[in-house]
Amino acid sequence: LERMATEARRRADLVEAERAARAQRIVQRVTVEPGVPSTARDTLMRHIGRISTGADVAMSVEIKAGAEAMPNASGYYRLRESAMVVAAEPPVMPQAGKAYSATIFGVSDVASTTAEVYEQLVTHEYGHHIHVGNHARVDGLIRQAFRVACPERNVVITAAKLSGGKVPKARGGDSPEGSVSVYGTSNHLEFFAEAFTAWHHQHGWMKANRPIAYNMVKRVLEVLSGG
């Protein structure tokens with residue numbers, strides 16, 4: 001039994017070492033603002049090592065002090081620069097600890113602690129990174145899933161574009177349609193980022209309740225791993 005336990009620990013250590021090496025290859029630069037907790041960088045790198053795929057491209061990360069990375073947002077992704085920007089201490093929402101439901105505005109809204117919100121924020125922004133970084137390989141697949149899952153929202157988006165108007169933002173209380181969250185109906189980019197977050201943090205619920213989004217993420221990960 002002792003030998004088995006030692007072997008299990010050795011294998012676990014090898015997995016963690018490979019994940020750490022993967023994260024180091026992906027994250028080329030991390031900029032940390034003064035006042036950010038010392039654990040924030042290590043937590044981010046460890047989590048990216050866990051959720052990375054088989055076709056990750058290089059990126060940079062900025063970790064901001066406090067609850068916001070920009071006004072009214074705890075995180076965002078700069079597409080042209082392949083840069084994730086996240087707040088180190090994003091707020092815990094009033095829905096924290098509640099059973100998950102697609103009527104929740106965003107996947108991380110039910111996270112119970114700042115640490116959980118931070119991890120899910122990183123997952124969401126990393127979802128944008130693997131989508132944009134592998135655009136030619138997966139964007140068509142994601143757009144098609146979004147059209148099928150959220151037909152009403154697609155009508156709104158198309159009408160706004162044809163009229164030259166601004167696409168209205170998704171708001172709390174809107175129908176989530178086939179998205180994992182209301183925020184995921186915003187556009188195909190957020191549809192995938194929210195689904196990718198749910199894949200890692202609400203996997204069982206997503207598999208049982210959102211088959212289009214679930215199968216989309218599954219297929220994207222298969223494509224990126226060479227399947």
Does the side chain to side chain donor-acceptor pair (under 3.5 Å) test come out yes or no for E194 and S181, once each step is laid out?
-> CA-CA 7 Å; E194 283 288 275; S181 68; 2.6 Å; yes

Side-chain contact test, heavy atoms from C-beta onward, threshold under 4.5 Å: evaluate it for M59 versus M84 and give yes or no.
-> yes

Just checking, any donor-acceptor pair under 3.5 angstrom between side chains of H201 and E116?
-> no

For the pair E190 and H128, evaluate side-chain contact (heavy atoms from CB on, under 4.5 Å) and give the outcome as yes or no after the intermediate values.
-> CA-CA 8 Å; E190 300 302 347; H128 285 312; 3.1 Å; yes

Could you give the distance from CG (N187) to NZ (K169), rounded to the nearest 0.5 Å?
-> 11.5 Å

Roughly how far apart are I26 CD1 and I51 CD1, rounded to 0.5 Å?
-> 9.0 Å

Less than 4.0 Å between a side-chain N and a carboxylate O, is that true for R11 and E7?
-> yes

Give the intermediate values and the outcome of side chain to side chain donor-acceptor pair (under 3.5 Å) for residues S108 and H124.
-> CA-CA 9 Å; S108 65; H124 178 100; over 6 Å; no

So, do Y118 and I63 sit near enough that their side-chain heavy atoms are less than 4.5 Å apart?
-> yes

Okay, side chain of S74, backbone of A67: is any donor-acceptor separation there less than 3.5 Å?
-> yes

To the nearest 0.5 Å, atom CZ of R153 lies from atom OG of S186 at 6.0 Å

State the OG1-CG distance between T53 and N134, to the nearest 0.5 angstrom.
-> 6.0 Å

Sequence neighbours excluded, which residues qualify as salt bridge (charged side-chain N to carboxylate O under 4.0 Å, His left out) partners of R29?
-> none

Return yes when atom CZ of R171 has more than 12 non-hydrogen atoms of other residues, nucleotides or ligands closer than 6.0 Å, and no otherwise.
-> no

All side chain to side chain donor-acceptor pair (under 3.5 Å) counterparts of R41, not counting sequence neighbours = none

Is any side-chain N of the basic residue among R50 and E119 closer than 4.0 Å to the acidic one's carboxylate O?
-> yes

Check the angle between the aromatic planes of F191 and F146 and answer parallel, tilted or perpendicular using the 30° and 60° thresholds.
-> tilted

Are F196 and H200 an aromatic pair by the rule of ring centers under 6.0 Å?
-> yes

Please test Y100 against Q202 for side chain to side chain donor-acceptor pair (under 3.5 Å), starting from the C-alpha separation and ending with a verdict.
-> CA-CA 8 Å; Y100 194 79; Q202 297 290 342; over 6 Å; no

So, does D109 use its side chain to make a donor-acceptor pair with the main chain of G106 at under 3.5 Å?
-> yes

Quick one: list whatever passes salt bridge (charged side-chain N to carboxylate O under 4.0 Å, His left out) with R25, sequence neighbours left out.
-> E18

Return yes if a side-chain donor-acceptor contact under 3.5 Å exists between Y126 and H47, otherwise no.
-> no

Find out whether V30 and V27 are in side-chain contact, i.e. whether some heavy atom of one side chain is under 4.5 Å from a heavy atom of the other.
-> yes

Considering only heavy atoms from C-beta outward, does the side chain of V132 approach that of Y77 to under 4.5 Å?
-> yes

Minimum heavy-atom distance A213-V180, with the two atoms named = CB-CG1, 4.1 Å

Residue set satisfying salt bridge (charged side-chain N to carboxylate O under 4.0 Å, His left out) with D42, at least two apart, ordered chain then number -> none

Side-chain donor or acceptor of R137 paired with backbone N/O of V223 under 3.5 Å | yes

Quick one: list whatever passes side chain to side chain donor-acceptor pair (under 3.5 Å) with R9, sequence neighbours left out.
-> T6

Side chain to side chain, W199 and T123, heavy atoms closer than 4.5 Å = no

Nearest 0.5 Å, what's the CG-NE2 distance between L141 and H188?
-> 11.5 Å

List for me each residue that meets salt bridge (charged side-chain N to carboxylate O under 4.0 Å, His left out) alongside R78, sequence neighbours excluded, and say none if there are none.
-> E62, E81

Going from OG1 on T197 to CZ on F192, what distance comes out if it is rounded to the nearest 0.5 angstrom?
-> 9.0 Å

